[in-house]
> 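Pasting a structure here, questions to come.
Numbering of residues begins at 1 and proceeds along the displayed sequence. Atoms within a ligand are numbered from 1 in the order they appear, just like the ligands themselves.
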Amino acid sequence: MLIKVKRGWEMPERAATPESVFMNRRELSKGLAAGSILAAGAGLFGMRQASASVETDPTADLYPVDRNPKYVLDRDITNEEDAITYNNFFEFGTHKGIYNLAQEMPLRPWTVRFDGLVEEEREVDFDTLVRAMPLEERLYRHRCVEAWSMAVPWSGFTLAALIDYAKPLSGAKYVRMETLADEETMPGLRASWYPWPYVEGLTMEEARNELTFIATGLYGKPIPKQSGAPLRLVTPWKYGFKAIKSIVRFSFTDERPIGFWEETQGAEYGFWANVNPEVPHPRWSQATERVLGTNERVPTLLYNGYEEFVAHLYADKQDERLFM
Ligand code: MTE
């Protein structure tokens with residue numbers, strides 16, 4: 001199925017983000033700085049707080065967690081308000097200002113399912129799962145295929161730890177992940193030309209790579225809904241569309257999964273999606289990126305700067321479309 005639809009990220013960013021959203025965001029930041037929104041109550045402006053509600057999240061006591069010093073940045077950490085109010089989460093809409101809509105997503109109960117080629121298929125409650133995992137904080141860069149980037153402190157655990165928990169069989173070659181698809185709270189699902197639910201996949205080697213992370217927290221707090229609560233994938237050497245949010249299912253399989261964007265537009269988005277400044281998107285350059293917050297334009301790095309960790313994964317795959 002190849003339907004030509006106009007997506008948010010096909011437009012210049014100025015067009016993709018309505019000015020009203022920018023304006024609201026500025027007003028919100030100003031208000032937060034002055035403490036006025038908290039005092040007045042976020043509801044007054046018809047907008048909820050962008051950050052997680054620490055009082056109501058049953059895992060809030062887990063954060064902050066110790067930072068793993070191995071993963072260092074070459075740039076400043078992105079301002080929190082910028083990172084959590086500029087999102088791609090098509091289940092809530094195709095523009096960047098979906099953070100208030102995303103607050104409708106129900107987070108509890110949240111059940112995570114493990115199935116396919118596993119010793120035993122099972123479902124686990126997220127709160128039980130996260131308390132069984134070794135939590136740490138990591139500073140990672142994030143590079144969207146739309147050519148903007150951020151650098152943020154994720155909290156969570158390695159996907160390798162989760163795979164050990166899931167106990168896949170030796171025949172598993174890929175892990176396929178699926179996002180919640182809740183028609184009641186996700187207006188984006190009404191766009192029936194998209195292949196919902198959002199799906200992404202990795203090879204088992206990629207999934208077990210030390211960089212591959214499941215984020216459950218951000219900026220030392222539970223991860224906000226718009227950023228992919230309660231758990232999302234983080235693969236910092238790949239374009240951001242691989243970083244599937246709000247995961248409800250991990251399936252182990254011997255067939256390469258077809259991701260949401262590969263299914264939607266396979267001529268432009270593929271399975272590997274590794275960052276490479278020298279391989280342009282068919283309709284724009286990937287040579288540089290706009291840093292969220294400062295709007296500075298900086299050169300994009302091969303594998304987003306994580307070459308030493310991941311280049312070996314692709315040594316025998318040079319005939320594949322590794323960079324789209
Ligand atoms: N996951 C789901 N379920 N739905 C989405 O639309 N967008 C992807 C990725 N994960 C997306 C998703 C894209 S294109 C990017 S760049 C990142 O989420 C954005 O993450 P952020 O909003 O935390 O910056």
> Report yes or no: does Trp196 have a heavy atom closer than 4.0 Å to ligand 1?
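Heavy atoms of Trp196 never come under 4.0 Å of ligand 1.
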
> Is Ile258 isolated, or which residues cluster with it under the ILVMFWY side-chain rule of less than 4.5 Å, directly or via members?
none

> With side-chain hydrogen bond (donor to acceptor under 3.5 Å, both in side chains) as the criterion, how do Gln226 and Asn87 come out once you've worked through the C-alpha distance, each side chain's angles and the decisive distance to 0.1 Å?
CA-CA 7 Å; Gln226 64 274 23; Asn87 301 99; 4.8 Å; no

> Taking the minimum heavy-atom distance to atom 11 (C) of ligand 1, which of Asn88, Leu292, Ile223, Thr94 ranks first?
Asn88

> Number the atoms of ligand 1 from 1 as they appear, then name those within less than 4.0 Å of a heavy atom of Gly240, with their elements.
8 (C), 9 (C), 13 (C), 15 (C), 16 (S), 17 (C), 18 (O)

> Hey, do the aromatic rings of Tyr269 and Tyr239 have their centres closer than 6.0 Å?
no

> Can you list the ligand 1 atoms lying under 4.0 Å from a non-hydrogen atom of Thr179?
3 (N)

> For ligand 1, which is the ligand I care about here, please tell me if Trp154 has any N or O atom under 3.5 Å from one of the ligand's N or O atoms.
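Between Trp154 and ligand 1 (N or O atoms, distance only) the closest approach is not under 3.5 Å.
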
> Relative to ligand 1, is Trp261 under 4.0 angstrom through side chain, backbone, both or neither, heavy atoms considered?
neither

> Could you tell me which atoms of ligand 1, counted from 1 in the order shown, lie closer than 4.0 angstrom to a heavy atom of Glu91?
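The list of qualifying atoms is 2 (C), 3 (N), 4 (N), 5 (C), 6 (O).
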
> Less than 6.0 Å separating the ring centroids of Tyr71 and Tyr140?
yes

> Check whether Thr179 reaches the backbone of Lys245 with its side chain - one donor and one acceptor, N or O, closer than 3.5 Å.
yes

> Show your working on salt bridge (Lys or Arg N to Asp or Glu O under 4.0 Å) between Asp115 and Arg176 and close with a plain yes or no.
CA-CA 10 Å; Asp115 60 16; Arg176 175 190 182 278; over 6 Å; no

> State whether the shortest distance between N or O atoms of Arg232 and N or O atoms of ligand 1 falls below 3.5 angstrom.
yes

> Number the atoms of ligand 1 from 1 as they appear, then name those within less than 4.0 Å of a heavy atom of Asn87, with their elements.
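Result: 21 (P), 22 (O), 23 (O).
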
> Given Phe260, which partner from the list Phe271, Tyr194, Phe89 fulfils the ring-ring contact (aromatic ring centres under 6.0 Å, His included) test?
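The option that passes is Tyr194.
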
> Going by an N to O cut-off under 4.0 Å, is there a salt bridge joining Lys317 and Glu206?
no

> Does even one non-hydrogen atom of Glu146 get within less than 4.0 Å of ligand 1?
no

> Check each atom of ligand 1 against the heavy atoms of Cys144 and keep those under 4.0 Å away; list them by number with element.
16 (S)

> Ligand 1 versus Phe90, non-hydrogen atoms closer than 4.0 Å: side chain, backbone, both, neither?
both

> Short N/O distance, under 3.5 Å, between Ala243 and ligand 1?
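Yes, Ala243 has an N/O under 3.5 Å of an N/O on ligand 1.
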
> With a 4.0 Å cut-off, would you call Lys221 and Asp57 a salt bridge?
no

> Can you see which heavy atom on Gln286 is nearest to which on Thr300, and at what distance?
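Closest heavy-atom pair between Gln286 and Thr300: O-CB, 3.4 Å.
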
> Quick one: which ligand 1 atoms are inside 4.0 Å of a heavy atom on Phe241?
8 (C), 13 (C), 14 (S)

> With respect to Met150, determine whether any N or O atom, backbone or side chain, lies less than 3.5 Å from an N or O atom of ligand 1.
no

